[in-house]
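As the structure is a computational prediction, the values presented were derived from the model and not from experiment. Counting starts at 1 for both ligands and their atoms, following the listed order.
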Amino acid sequence: MALYLLLLMLTACAAVPQDLSGKMFTFPQATNSAHVRLTTSRQVLGAVTVCLRSFTDLRRAHTLFSLATPSATNDILIIKDAANDFDVWIRNIHVNVIGQDYKLETWHSVCTTWDSISGLVQVWLDGKPSSRKLVSSGSHISGPILIVLGQDQDSFGGGFDINQSFIGMLSDVHLWDHVLSPGEIQNFVDQRYFTPGNVLNWSALEFQIAGRVLIEDK
Ligand SMILES: *[C@@H]1O[C@H](CO)[C@@H](O)[C@H](O)[C@H]1NC(C)=O
Ligand SMILES: *[C@@H]1O[C@H](CO)[C@@H](O)[C@H](O)[C@H]1NC(C)=O
């Protein structure tokens, strides 16, 4: 246990890329502080795909992914809400997407795509696409980027709300600077070979842990 805590502290300090293949982050309790901060040197994104896998027993709203810049705290925010839908914000603009097959205590693959030219967002739950809906077109995500897992940033890097915190496990978090094709998304869902994210790569992830978040075998 002591060694584990030491390892935890070491990983908390170092922002050296780590290969998390086969691992997951476990968020064991509701807090307004515990989170994982992911770092990227990218400052501009004109299109994105975020994919991750989640496992939870939460019926209340909970945050799956929060990307903030100083000018937009909800530059990308993906929340699973209490009504079984996804609330997605891109460039601070909100859209509601149905997520009726999101079951408790089950691993789900959630991929979200957006591009600034069409302005359309789409959520793929376990490879099933949602309707494509308009959020924000014409402007890019730009500025220093802070990405947080486990909490919703209501300010840049902070402003966490315990009632939107995540409890459960998250794994295989990738972020690309373009919209993946349906075939590539299906490869992610099926855990076949896919090209890792070129902005966030789970096999070479730079991160810092704050508070009680564990790295465990999946
Ligand atoms: C969180 O939710 C509980 C129960 O609904 C409520 O009593 C509490 O005030 C909320 N806390 C915050 C910080 O909003
Ligand atoms: C992701 O990380 C792995 C392991 O370091 C590396 O082999 C691969 O090239 C990376 N992929 C991208 C797209 O950065």
Can a protein heavy atom be found under 4.0 Å away from atom 11 (N) of ligand 1? yes
Of all the non-hydrogen atoms in the protein, which one sits nearest to [atom], and at what distance?
atom                    : answer
atom 4 (C) of ligand 2  : Ser203 O, 3.5 Å
atom 3 (C) of ligand 1  : Asn163 ND2, 3.6 Å
atom 13 (C) of ligand 2 : Pro196 O, 3.5 Å
atom 8 (C) of ligand 2  : Asn201 ND2, 3.7 Å

Which other residues end up in the same hydrophobic cluster as Ile185, if Ile, Leu, Val, Met, Phe, Trp and Tyr are linked when side-chain heavy atoms come under 4.5 Å apart? Trp124, Trp176, Leu180, Phe188, Val189, Phe194
Lys80 with Asp85: basic N within carboxylate O range, under 4.0 Å: no
So among Asp154, Val148, Asp152, which one has a side chain to side chain contact (heavy atoms under 4.5 Å, CB included) with Phe160?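 Of the listed options, the one satisfying the test is Val148.
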Ala204 heavy atoms, cut-off 4.0 Å: which ligand 2 atoms fall inside? 2 (O), 5 (O)
Smallest separation among heavy atoms of Val135 and Trp114, with atom names: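 Result for this residue pair: CG2-CD1, 3.6 Å.
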Shortest non-hydrogen contact from Ser71 to Ser142? OG-O, 4.2 Å
